[in-house]
Protein chains: 2
Amino acid sequence: MKRIADSTVRRLSAYLRFLEDFETRGLSTISSEELANRGGTTSAQVRKDLSFFGSFGKRGLGYSVPELAGRLREILGLGKEWRVVIVGAGKIGAALAQYRGFRHRGFNILAAYDNNPDKIGRKLEGIPVRDIEQLERDIQRDKPDIVVLTVPGDEAQDVVDRVVKAGVKAILNFAPAQLHAPVDVAIKTVNMAMELEGLSFALTNRE
Amino acid sequence: MKRIADSTVRRLSAYLRFLEDFETRGLSTISSEELANRGGTTSAQVRKDLSFFGSFGKRGLGYSVPELAGRLREILGLGKEWRVVIVGAGKIGAALAQYRGFRHRGFNILAAYDNNPDKIGRKLEGIPVRDIEQLERDIQRDKPDIVVLTVPGDEAQDVVDRVVKAGVKAILNFAPAQLHAPVDVAIKTVNMAMELEGLSFALTNRE
DNA sequence: CGGGGCTTGTGAATTCATTCACAAGTTAAA
DNA sequence: TTTAACTTGTGAATGAATTCACAAGCCCCG
C-alpha cells in the first residue's frame with residue numbers, strides 16, 4: 001500500500017467529524033464541495049484524499065453520509081477499542097483523563113502512572129493512579145496499544161525507552177522534547193510551546 | 001518577505017530549544033550537523049531554514065550558540081512580552097494556566113474567562129477568572145495579543161467571532177472544531193482527537 | 001428516451017519542500 | 001606559508017503534495 005501522508009490522515013479525521021455532524025442532522029448525501037467548504041480545503045483535495053482508499057461516491061450525486069462515515073472509521077481504525085495508559089498524573093494528565101472525546105472514539109483509558117507517592121493509589125478522574133515502578137509489568141499484562149506521555153521534558157525519553165522495550169507501538173507525547181524511537185513505533189508530539197511560538201512569529205512577521 | 005512555511009517555523013522553535021540547552025551547558029559553537037541530529041532532521045535542512053533569514057554561521061566553524069539563539073528569539077518574536085487570555089476555565093484551561101513554559105517564553109497570562117458562575121471571581125492557578133460577558137470590554141482595555149480557546153467545540157466559533165471583532169489577531173485553539181476567521185488572524189489548532197486518530201491509523205495500517 | 005445539470009475520479013500540471021552537491025571561507029597545525 | 005580538515009550558504013535536482021481540468025457516470029425532467 002502506498003504511503004499515506006500525515007496531512008491526508010488529519011484531513012480524513014476532520015471529514016469524519018463533519019460527516020458525523022451531518023449524520024445527526026439526518027442528511028443523507030454530501031458532495032466533496034460541501035465537505036471541503038466545511039473543512040477549509042478544496043473539493044479536489046477531498047476527492048484525492050478519498051481516492052487513495054477507493055471510490056466511495058456516486059457521480060452527479062455525491063457521497064452517502066453514513067456509508068462514507070463508516071468507510072472513514074474503518075480506514076482510521078476506529079472500529080476496535082484501543083487500550084490507553086497515561087504516564088504522568090499531573091494537570092495535563094488530569095485534563096486528558098476527563099476528556100470525553102477519548103471514550104467517544106473508542107479510546108479506553110486503563111490507568112495512569114506517576115512517581116509521586118502522594119498520587120499513587122488515588123484516582124485521577126476515576127482512573128487509578130499506579131506506581132511508575134510497575135509500568136513494565138503492567139504493560140506486559142494489560143497490553144495497552146497507546147501510551148500518552150505527560151511527564152516533564154527531561155523524563156520523557158527515559159519513559160519512551162522503557163515502554164518501547166515493553167512492546168508499546170504508539171505514543172502520544174505532550175512533553176516538550178524531541179523523542180527518538182525505532183521506526184515501527186508511531187509517535188505524535190503535541191508541543192504547546194511550538195504552537196505559541198508559531199503565533200508569536202505570525203504576529204511579528206506580518207506583511 | 002518570502003512566505004515562510006509552517007514546518008520551517010516549527011523547526012526554528014526546536015532549534016532554539018536545543019541551543020538553550022547547549023547554552024546552559026556552556027558550549028559556545030555548534031554545527032548544523034549537531035543541531036540536525038538533535039532534532040531528527042538533516043544538516044542541509046537546518047542551513048536552508050536559517051538561510052531564509054540571513055547567514056549566521058562561520059564556514060569551517062559552525063554557529064555561535066548565544067548569537068544564533070538570540071537571532072532565533074528575534075525571528076520568532078520572543079523579544080517582547082505577549083499578553084495572553086484564556087477563554088474557558090475548565091481542566092485544559094487549568095493545565096495551561098500552570099504551564100511554566102508560557103511565562104518562561106514571555107507569554108503573560110492576564111486572565112481567564114468562563115460562563116460558569118461557580119468559577120467566576122475565583123482564581124485558576126493564581127489567574128483571575130472573569131465573566132465571559134465582559135470579554136469584549138476587557139479585550140478593548142487590556143489589548144491581549146493572543147487568545148487561548150479551551151471552550152467546548154460547539155461554542156468555539158462563537159468566541160472566535162467575538163474576539164476577532166474585538167481586535168484579536170492570534171488564537172491558539174484547543175477546541176475540536178474547524179474555525180473560520182479573516183486571513184489576517186493567525187489560528188493554530190491543537191486537536192487531540194486528530195492526533196489519536198493518526199495513531200489509530202498508524203496502528204491499523206502497518207505494512 | 002434524450003438532453004441538461006451535477007459531481008466524481010484521476011492523470012497531468014503546478015506549486016511547494018527537501019535534499020544534493022559543491023564553491024568558498026575558516027581554522028589549526030606543520 | 002602551505003596544506004588538510006571542516007563547515008557554511010546556496011543554486012540545482014529531486015521528491016512530495018496540491019490543484020487543474022476534463023472524461024465519464026448519474027439523476028431528473030420533459
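Every heavy atom of this structure was used, including side-chain atoms; hydrogens, water molecules and symmetry mates were not. Letters go in sequence order (proteins before strands), and every chain restarts at 1.
Straight-line distance from the CG atom of A/L50 to the C1' atom of C/dT8: 10 Å, rounded to whole Å.
Residues from residues 13-36 of chain B placing a heavy atom under 4.0 Å of any atom in DNA chain D, listed by number, are B/S31, B/S32. Contacts of residues 58-72 of chain B with DNA chain D (heavy atom under 4.0 Å): B/K58, B/R59, B/G60, B/L61, B/G62, B/Y63.
Here A/F18 and A/Y15 keep their ring centres 6.0 angstrom or further from each other.
Between B/R10 and B/D49, none of the side-chain N atoms (NZ, or NE/NH1/NH2) sits under 4.0 Å from a carboxylate O, so this pair counts as no salt bridge. The pair A/R105-A/E20 meets the salt-bridge criterion, since a charged nitrogen lies less than 4.0 angstrom from a carboxylate oxygen.
For A/F22, there are no ring-ring contact (aromatic ring centres under 6.0 Å, His included) partners, not counting sequence neighbours. With sequence neighbours excluded, no residue forms a salt bridge (Lys or Arg N to Asp or Glu O under 4.0 Å) with A/D161.
Looking at heavy atoms from C-beta onward, B/L124 lies out of side-chain contact with B/Q98 at the 4.5 angstrom threshold.
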Got a list of side-chain donor-acceptor pairs under 3.5 Å for residues 145-155 of chain B, not counting sequence neighbours?
from   : atom 1 : to    : atom 2 : distance (Å)
B/D145 : OD2    : B/R83 : N      : 2.8
B/T150 : OG1    : B/V87 : O      : 3.3
B/T150 : OG1    : B/G88 : O      : 2.5

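Atom NZ of A/K91 is separated from atom CG of B/L96 by 11.5 Å, given to the nearest 0.5 angstrom.
Minimum interatomic distance between A/A89 and A/K119 (heavy atoms only, all atoms of both residues): O-NZ, 3.4 Å.
No donor-acceptor pair under 3.5 Å is formed between the side chain of B/D142 and the backbone N or O of B/P144.
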Quick test: give all pairs of protein nitrogen or oxygen and nucleotides 16-20 of chain C nitrogen or oxygen below 3.5 Å, distance rounded to 0.1 Å.
from   : atom 1 : to    : atom 2 : distance (Å)
C/dT18 : OP1    : B/R11 : NH1    : 3.1
C/dT18 : OP2    : B/R11 : NH2    : 3.0
C/dT18 : O5'    : B/Q45 : OE1    : 3.4

